[in-house]
Each structure stands twice: as C-alpha cells, then as structure tokens.
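Pasting a structure below so you can have a look.
Atoms within a ligand are numbered from 1 in the order they appear, just like the ligands themselves. The first residue in the sequence is number 1, and the count goes up from there.
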Amino acid sequence: MASEKPFRMVTCTAPVNIAVIKYWGKRDKELILPLNSSLSVTLHQDQLRTTTTAAISKDFTEDRLWLNGMEVDVGQPRLQSCLREIHRLAQKHRSSDDDGDGPPRLSYKVHVASENNFPTAAGLASSAAGYACLAYTLARVYGVEAELSEVARRGSGSACRSLYGGFVEWHMGERPDGRDSVAQQVAPESHWPELRVLVLVVSSEQKPMGSTVGMQSSVETSALLQFRATSVVPARMAEMIRCVRERDFAGFGELTMKDSNQFHATCLDTFPPISYLNDTSWAIMHLVHRFNAHHGQTKAAYTFDAGPNAVVFTLEDSLEDLVAALRHCFPPESNGDKFLKGLPVRPVTLSDELKAALALDPTPGRIRYVIATKAGPGPQVLDDPDCHLLGPDGLLKPAAGSPSLGCPLPS
Ligand code: DP6
C-alpha cells in the first residue's frame, strides 16, 4: 500500500486574457453559464501574471487564503464553489501519481497564497488570472488530471479562457448542467508572432461597477443584450476565428473594435445605464480611428472591458509609431521614463502629417502608463521551491518584496 503524503505544495502561474468577442450576461448565475460564446487573446505572463501556491497537509486544521500578502476570508462563495468543484473532479479523475488508496488528500485542508505581478489598483482584470491560477494550482496539489474550465468558471466566467495560451474560445455550451461550457484553444501564441498588445492604464477617480453586478443588470433590462447574444455574436465568433486563423489583422481589428463598442452600447442600454468609458477612453478611440484613417487601413484596434483602461492591438511594424502617437497625445505627467513598461519599444519621431492627423491636444497625465506585451502561453508550474509563496510551515512567507517576481517562468 502506497504511503500517504503528509504535506504537499505546488506553485503555478496563470495569465490575464482580454476578450475580443465579449462575454456579458449569464443564462445561469449559479453555474456561471454565459448567454453567448466569447473569444480572447491570452497576454504574456512576462508582463502580467498571477502566481499561486497551494499547500495541503493532514496537520492543517482549516482552509486559509492570502491575497497579495493579506489574509482574507476563505468563506467567499466563489472560492468555496471552486473548492467544491475541484473535490468533485478529484473523486472522478485521480492522476497516476496519486496514492490511489488510503485516506485521500481530499480530506486535507488547503492553504492558498496568491499574488499579481501588477498593481491590483490599476483596474486590470485580475480575477480571470486569479481564478485560472487557483483552479490550475488546486488541480495539481490534489492530483486531478481533468479539463478545468468548470472549476475556473465557478470563480469568474472569463477565468476559463486564461487556462490556455494564445487565442481561446469559450463555448457557451447548451447543456443545462454546463458540462459543455468550456474553453478551448483556437490557436497557440506562436501562431501570430507579429501581434502586439498595449495595455493603457488610464487615470480615473471613480471605481467602476463590478462586471458581475453590471452584467446581471444588463440581463434584466437590456433588449440589445438579448439581440446581441442570439443574433450578432454567433456570426462574429465564426468571423473572428477566421481572422485569427488567417492572421487577417484588418478583419481582426475592425471586429474587435465593433464588439467592444457593442458591449459598451449594451451597458448604455442597461437601465439605469452603466458607463465604463471616460473621456480618456474616448480620446484613445479617436486616436486609433485617426491613426487608421491616416494609414488608409486598420493598423490598430482598441477594446475596453468593465473600466476605462484600453487594450490596443497592433502589429510589430506599427508598434513604434503607435507608441509615439500615444506619447504625443497623452504625454506622461512626471514619471517620464516609466511611461512605457514591458517589451522594449524604440522611440521614433512622429511625422508632422501624422501629428496633424491625430488632431488631439496633448494633455499630460491622462494615461498613467502603458504596458507593451504580446500573446503568451497558458498556466505554468514553477518547480523551484524558492518560488513558493508559502513556507515549509504552510504559512505566508514574510513579505520581503515579492518573491515570485524574481522567479523566471519556464521557457
Ligand atoms: C467585460 O468574468 O469578470 O471583461 O463571470 O461575473 O465573474 P463574472 O464576470 P467576469 O466578466 C468579464 C466581462 C468582460 C468581458 C470578457 O472578459 O469577456
């Protein structure tokens, strides 16, 4: 009989994803089943990622959770829902390295610590990366080998798309039990190496309404949302998949912008209306349209989620010009050298024609900073014990800086 392992610890990372065909509205609030399918690009973890450590031990007396260095209530319904789901899967699928018999690890309490390598306050969608990372890490620590969409989805719908790299579709599914509402990779990140992504962190005073509450209000009051889900999105999904497969940037970009605009139109059609975009978001939209008009083709494309931050897609050969255009129209206020983070972008001088075409009065400080990134891989396991966020006692390591920041991702 195999001996029972008294303690086990696993650390994993997971990426942020940005939808180009948006998920907005649930047909089942409990199971988190969407009204329509959606499609996203997984962003590279070198720039944006969540790291999660999970430890299980027969000596732990209760489940515990630390988020970004602070212990938080482990009783949150969505976290509990993920734990229940992983236990259900664990009973069905035990991996080959499992003990197989004896009192299963399933009865052990779990300690979880999770942190982002980007400021949570920046309003970047951290819940998708967070719950994908939780699902992936729990699966490894409990020895579950199964498709994890259902676990991640119970935390946050969009999280199931962060389980895969590259370009990812979340099938809405048809079954009432949601077993067919799963994420699937359309193409790996290597499929479109020229694609670049700029995350524009916009200055904003107000905290926007959360997506869970916002989308529920849209479901209850917006006729446009119902129309979008049944009559618009199915054809858009097919077209977006074609654009990705054929690396058709003009088609991809135009559809990305139209779908973002329609999502925000459904927010305005919600009663009382919801407004996630601010003046800077609109100025970014104008800049992108003028940039494209100047070039006579779609060279850049914006998309906005439930907040004023923009994500702008472009191709490598337009990246330098686009960043120069952004810096020209939204000059940094004081942190000049920190305006651009992430992938290096060579500074270039804008032509007078392009400056004139942009027709925006430069206003300092409206964009706090820009993160340059690209499409990236799905969740990873970090084998180096130094990367664990929990110590050998299963408690949060002393917060001397951010330990996972120094951990290189497996290449
Ligand atoms: C606008 O996945 O955050 O980012 O399922 O209620 O947790 P819940 O919502 P969430 O909604 C994401 C909405 C969106 C669009 C998208 O990512 O598809």
Side-chain angles (χ1 to χ4, degrees), residues 14-43 48 50 76-82 85 116 120 122-135 149-164 167-173 178 181-183 186 197 199 207-220 222 225 228-229 232-233 236-237 240 255-270 274-277 281 302-311:
V16 167
N17 75 77
I18 176 78
V20 290
I21 301 291
K22 303 290 185 195
Y23 147 54
W24 194 250
K26 298 178 182 69
R27 64 178 197 276
D28 186 317
K29 280 190 288 179
E30 298 310 311
L31 301 179
I32 310 205
L33 300 178
L35 276 178
N36 58 262
S37 296
S38 54
L39 198 141
S40 59
V41 179
T42 297
L43 305 188
L48 299 165
T50 297
Q76 303 169 42
R78 286 185 173 204
L79 176 76
Q80 287 301 323
S81 182
C82 289
E85 200 51 32
N116 300 322
T120 313
L124 302 170
S126 54
S127 65
Y131 280 110
C133 207
L134 179 73
S149 289
E150 190 141 11
V151 187
R153 209 186 65 214
R154 294 300 183 96
S156 188
S158 55
C160 67
R161 298 187 312 238
S162 278
L163 289 170
Y164 299 93
F167 302 84
V168 184
E169 175 178 12
W170 174 15
H171 296 276
M172 61 178 285
S181 187
V182 292
V186 170
V197 187
V199 180
K207 192 171 164 20
M209 178 188 284
S211 42
T212 306
V213 175
M215 74 173 71
Q216 191 49 32
S217 184
S218 297
V219 169
E220 284 157 17
S222 169
L225 181 66
R228 163 179 165 72
V232 180
V233 172
R236 283 190 175 176
M237 284 295 293
M240 190 57 96
L255 197 48
T256 294
M257 292 188 280
K258 285 183 170 167
D259 204 69
S260 172
N261 295 343
Q262 189 174 76
F263 153 49
H264 291 280
T266 65
C267 291
L268 198 58
D269 189 48
T270 299
I274 308 169
S275 152
Y276 286 120
L277 307 176
S281 316
Y302 54 75
T303 185
F304 297 83
D305 281 343
N309 293 334
V311 173

Handout entry: Partners passing side chain to side chain contact (heavy atoms under 4.5 Å, CB included) against Met172 (at least two apart in sequence or in another chain)
Key = Arg27, Pro34, Ser37

Handout entry: N/O donor-acceptor pair under 3.5 Å between Tyr276 side chain and Met209 backbone
Key = yes

Problem - All ring-ring contact (aromatic ring centres under 6.0 Å, His included) counterparts of Tyr164, not counting sequence neighbours - result: none

N or O contacts of ligand 1 with protein under 3.5 Å, please list pair by pair.
{"from": "ligand 1", "atom 1": "2 (O)", "to": "Ser156", "atom 2": "OG", "distance (Å)": "3.2"}
{"from": "ligand 1", "atom 1": "2 (O)", "to": "Ser158", "atom 2": "N", "distance (Å)": "2.9"}
{"from": "ligand 1", "atom 1": "2 (O)", "to": "Ser158", "atom 2": "OG", "distance (Å)": "2.7"}
{"from": "ligand 1", "atom 1": "3 (O)", "to": "Ser156", "atom 2": "OG", "distance (Å)": "3.4"}
{"from": "ligand 1", "atom 1": "3 (O)", "to": "Ser211", "atom 2": "OG", "distance (Å)": "2.9"}
{"from": "ligand 1", "atom 1": "4 (O)", "to": "Asp305", "atom 2": "OD2", "distance (Å)": "3.4"}
{"from": "ligand 1", "atom 1": "5 (O)", "to": "Tyr23", "atom 2": "OH", "distance (Å)": "2.5"}
{"from": "ligand 1", "atom 1": "5 (O)", "to": "Gly157", "atom 2": "N", "distance (Å)": "2.7"}
{"from": "ligand 1", "atom 1": "6 (O)", "to": "Lys26", "atom 2": "NZ", "distance (Å)": "2.6"}
{"from": "ligand 1", "atom 1": "6 (O)", "to": "Arg78", "atom 2": "NH2", "distance (Å)": "3.3"}
{"from": "ligand 1", "atom 1": "6 (O)", "to": "Thr212", "atom 2": "OG1", "distance (Å)": "2.8"}
{"from": "ligand 1", "atom 1": "7 (O)", "to": "Arg78", "atom 2": "NH1", "distance (Å)": "2.7"}
{"from": "ligand 1", "atom 1": "7 (O)", "to": "Ser156", "atom 2": "OG", "distance (Å)": "2.7"}
{"from": "ligand 1", "atom 1": "17 (O)", "to": "Arg161", "atom 2": "NH2", "distance (Å)": "2.8"}
{"from": "ligand 1", "atom 1": "18 (O)", "to": "Tyr23", "atom 2": "N", "distance (Å)": "2.9"}
{"from": "ligand 1", "atom 1": "18 (O)", "to": "Arg161", "atom 2": "NH1", "distance (Å)": "3.0"}
{"from": "ligand 1", "atom 1": "18 (O)", "to": "Arg161", "atom 2": "NH2", "distance (Å)": "3.2"}

Practice task
Taking atom types as modelled, find out whether Tyr23 and Asp305 have a side-chain donor-acceptor pair closer than 3.5 angstrom.
Solution key: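 Result is no, nothing qualifies.
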
Handout entry: N/O donor-acceptor pair under 3.5 Å between Arg153 side chain and Ile32 backbone
Key =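 Yes: the side chain of Arg153 pairs with the backbone of Ile32.
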
Exercise for the section: For Ser275, check side chain to side chain contact (heavy atoms under 4.5 Å, CB included) against everything at least two apart and list the hits. Expected result: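 Partners of Ser275 under the side chain to side chain contact (heavy atoms under 4.5 Å, CB included) test: none.
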
